[in-house]
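To start, the structure itself, in structure tokens.
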Amino acid sequence: MSPGPPPGLWRNATFLRLWAAQTVTLTGSAVTKVALPLVAVTILNLTPQQMGLLMAVEIAPTLLLRLPAAAWADASSRQVPVLVACSLTSSLLIASIPLLWWMGLLSFGLLLGMAFCLTSVSAIGGMFAAPILPAVVGDGQLVEANGRFSVTRNLADVSGRSLGGLLVSVLSAPVALLVDAASFAVAALLTVAVRVPRKPQHVPARNTASLKGLTLGFSLLLQRPFLGLGLVIVGYLCLANGVVSALLVLFMSGDLGMSPSLIGPIVGVGSVGGIVASLLVGTFHRRLGAQWTVAVAVALLTGSFALLPLARPGALGLVACLNYELMGSFGASLLLITLFAEVPRQVPSNALARVMAVISLMPEVSTMLGALLGGTLGTSLGIPRAFAVSFAFALLSGTALGLGLAWRRRLLLKRQAMVGG
């Protein structure tokens, strides 16, 4: 007798446990997204160049570890224990930052080392998490499940970043990091209860840790033009966002004169756009299809950078930052949910983590290069002009999309002519 349909997400206990663990982790991490840059700005008084280097170091480990970790995850049947270990390790690393501060030992070099280690653990945990969601929900529920995770991620940004700004104002930036350390410990306890059903592999997972095994992810991606085009577009946008992300907190605190209690809510409330996009992504797909949903997302993301070069203290600065956060979050959620929902549909399950790693490689490289470029431009030209460069890079994503769609249309017309002939 064939198995019945998978249970609805609200009745899927395994999905709910995984969802709860991610909710706790993401909320605490959102606190750190505000507290860690403020540690750099208010405690260590870093320059724009150093802020760019800090962000680049946070990204670099993924370039070294994501693919090997993905191959390991595809070959392993113990994703949950590794996730638990990663959560506990992250908790200890984050808790060590305020400890070093209290001891008077915190320096820029140590902060760089901590950022590198945290990202390394996150890269491993992320790749072991990638195969779990498709394993615990049905194929027809992937868009809905990804949408719920995206809603959670953005709600966590709203609450966590606002909480982070408040904690920094009331306590201090290092103390606020203890909230994230505690969240990873709680997430580890919740993850222990996740039970992933075993699924038969259609292709033996041999040599997955070798170069040959890793290149499978590249070849599978290149065979799928929609995913390949999306990867190029995301690369341009992440280059632009890397420039802005490396400098935004420094810009808001210094050039715009905003307090930590205001910075936190601004960068947090921007995630409301992501929440709305996550709720509407199904409607966009039904009415526009994946291709035009990507086009709308790219237009919104490009527009989110437009006002930043014009930002000045007062209302204009506030509007520019809110536009970047709200419109950018909406467009990014729309784009990423669309692209990542297509991956499990188009690739074999035993290569899923590797393809997820490959499709994440271009954004990671672009964001890291953007952060380094942003630090250099912010030092040499000033932050507003660096933001103008980021807007130019965002415009390139629309150019890439237009050329890619025109190329696909030309191929389609050529195939139709061959069939007609």
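What you see is a predicted model, and the numbers here were worked out from it, not measured in a lab.
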Decide yes or no on side-chain contact (heavy atoms from CB on, under 4.5 Å) for Leu100 and Met114, but give the supporting numbers first.
CA-CA 11 Å; Leu100 290 169; Met114 290 295 176; 3.7 Å; yes
In Å, rounded to the nearest 0.5 Å, how long is the span from CG of Leu288 to OG1 of Thr293?
5.0 Å
Quick check against the 3.5 Å criterion: does Ser366 have a side-chain atom that pairs as donor or acceptor with the backbone of Gly235?
yes
Decide whether Asn241 and Tyr324 meet the rule of one side-chain donor and one side-chain acceptor closer than 3.5 Å.
yes
Quick one, Leu326 and Phe330 - any side-chain contact, counting heavy atoms below 4.5 Å?
no
CG (Leu111) and OG (Ser107) are apart, to the nearest 0.5 Å, by 8.0 Å
Check the pair Leu88 / Phe184 against side-chain contact (heavy atoms from CB on, under 4.5 Å), numbers first and verdict last.
CA-CA 6 Å; Leu88 292 175; Phe184 273 104; over 6 Å; no
Spacing of CE belonging to Met51 relative to CZ belonging to Phe108, to within rounding of 0.5 Å
9.5 Å
In terms of heavy-atom contacts, Leu110 and Leu106 come closest through CD1-CA, 4.5 Å
Less than 4.5 Å apart, any side-chain heavy atom of Val389 and any of Val243?
no
Distance in Å, Leu237 CG paired with Ser390 OG, rounded so as to fall on 0.5 Å steps
11.0 Å
Looking at every heavy atom in both Glu325 and Leu248, which two are closest together, and how far apart are they?
OE2-CD2, 3.6 Å
Non-hydrogen atoms of Pro48 and Leu250 that approach each other most closely:
CG-CD2, 3.6 Å
Any side-chain heavy-atom pair from Cys321 and Leu256 closer than 4.5 angstrom?
yes
Using modelled atom types only, decide if a donor and an acceptor are shared between the side chain of Ser91 and the backbone of Ser87 within a distance under 3.5 Å.
no
Measure the CG-CZ distance between Leu307 and Phe391 for me, rounded to the nearest 0.5 Å.
9.0 Å
Restricting to non-hydrogen atoms, name the atom on Leu377 and the atom on Ala386 that form the minimum distance, rounded to 0.1 Å.
CB-CB, 3.7 Å
Between the CD1 atom in Ile43 and the CD1 atom in Ile97, the distance rounded to the nearest 0.5 Å is 12.0 Å
Steps toward side-chain contact (heavy atoms from CB on, under 4.5 Å) verdict (Met368, Leu373):
CA-CA 9 Å; Met368 184 180 69; Leu373 179 62; over 6 Å; no
Looking only at heavy atoms, what is the nearest atom pair of Ala297 and Gly331, with distance?
CB-O, 3.4 Å
Mind checking whether Thr283 and Arg286 have side chains closer than 4.5 Å, heavy atoms only?
yes
Residue set satisfying side-chain contact (heavy atoms from CB on, under 4.5 Å) with Leu99, at least two apart, ordered chain then number -> Met103
Go through it in stages, so that I can follow the logic: the residues are Leu239 and Thr367, the test is side-chain contact (heavy atoms from CB on, under 4.5 Å), and I'd like the CA-CA distance, side-chain angles, deciding distance and then a yes or no.
CA-CA 5 Å; Leu239 188 67; Thr367 302; over 6 Å; no
Considering only heavy atoms from C-beta outward, does the side chain of Ser253 approach that of Met258 to under 4.5 Å?
no
Would you say Ser96's side chain and Leu93's backbone share a donor-acceptor pair under 3.5 angstrom?
yes
Which atoms form the tightest heavy-atom contact between Asp255 and Pro384, and what is the distance?
OD2-CD, 4.3 Å
Heavy-atom donor-acceptor pair, Asn323 side chain to Gly303 backbone, under 3.5 Å
yes
For a ring pair (Phe, Tyr, Trp, His ring centres under 6.0 Å) check, start with the C-alpha distance between Phe393 and Phe305, then their side-chain angles and the critical distance, and finish with the verdict.
CA-CA 10 Å; Phe393 282 125; Phe305 295 95; over 10 Å; no
